[in-house]
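Lettering of chains follows the sequences in order, A, B, ..., and the numbering in each one begins at 1. Worth saying up front: this structure is predicted, and the values here are computed from it rather than measured.
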Amino acid sequence: QQQVKQSPQSLIVQKGGISIINCAYENTAFDYFPWYQQFPGKGPALLIAIRPDVSEKKEGRFTISFNKSAKQFSLHIMDSQPGDSATYFCAASRNEKLTFGTGTRLTIIP
Amino acid sequence: DAGITQSPRYKITETGRQVTLMCHQTWSHSYMFWYRQDLGHGLRLIYYSAAADITDKGEVPDGYVVSRSKTENFPLTLESATRSQTSVYFCASSGYRNTGELFFGEGSRLTVL
């Protein structure tokens, strides 16, 4: 079963707009929620992460919003740029193991 | 250069053959992982290792074997490759406890004919 559900599968946003990707999890034992960014032909790389005792974390144009009671978290990319075009994965961690969502292919158009 | 390297980057094999994917990291990280990436499934954990000589199954271990005799190496073997094992395989490592920060290699694309 998919323990971390991610949506949408693909997303097209205009340059300068806000990109929003959503994830939901089932296992309340997860204790760390990272987002990874992957460019074609490369491995995923950590973008930003949050712990469940924090409701929001911001790093530059990237923000994670976390709703513990709803078991949901989301990634917001402000002022989206063509260089942000990539596949984004949410994940949830327990005991050093990451469970990933299915990924969102983000395309930023001029 | 320091980092995590995978080899081969591309491999084509036939059903029933044995294939070994290599992974080497230079950070002396304790934790190492093998994931496979498939469209519609994201990344799924095959096996992981907390230290040399300690390995454990992940979500999709069937058909795969791992070993970790040295901290820096974590090879993944497909003992008898099947078409369903056509995928992109990623090795990752982590030196930090209780975090979700994994460092990934660039992947090995395997095609089983």
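- No part of F33(A) comes within reach of chain B, as not one of its non-hydrogen atoms sits under 4.5 angstrom from that chain.
- Side-chain N/O atoms of S7(A) and N22(A) include no donor and acceptor closer than 3.5 Å.
- If you measure heavy-atom distances from R109(B) to chain A, you find no contacts under 4.5 Å at all.
- Residues T28(A) and K71(A) are in side-chain contact: their nearest non-hydrogen atoms beyond the backbone lie under 4.5 Å apart.
- Side-chain atoms of T77(B) and T20(B) form a donor-acceptor pair, as typed in the model, at a separation below 3.5 Å.
- Residue Q6(B) does not touch chain A at all, counting heavy-atom pairs closer than 4.5 Å.
- With respect to chain B, the highest number of heavy-atom pairs below 4.5 Å among P44(A), A45(A), G43(A), P34(A) belongs to P44(A).
- Taking chain A as the reference chain and counting heavy-atom pairs below 4.5 Å, the highest number among L45(B), L102(B), V88(B) is found for L102(B).
- Neither the backbone nor the side chain of F103(B) comes within contact range of chain A; no heavy atom of the residue lies under 4.5 Å from a heavy atom of that chain.
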Derivation and outcome, salt bridge (charged side-chain N to carboxylate O under 4.0 Å, His left out), residues R61(A) and D84(A): CA-CA 10 Å; R61(A) 296 183 294 107; D84(A) 297 330; 2.8 Å; yes

Worked check of side-chain hydrogen bond (donor to acceptor under 3.5 Å, both in side chains) between N67(A) and S69(A): CA-CA 6 Å; N67(A) 185 330; S69(A) 60; 2.8 Å; yes

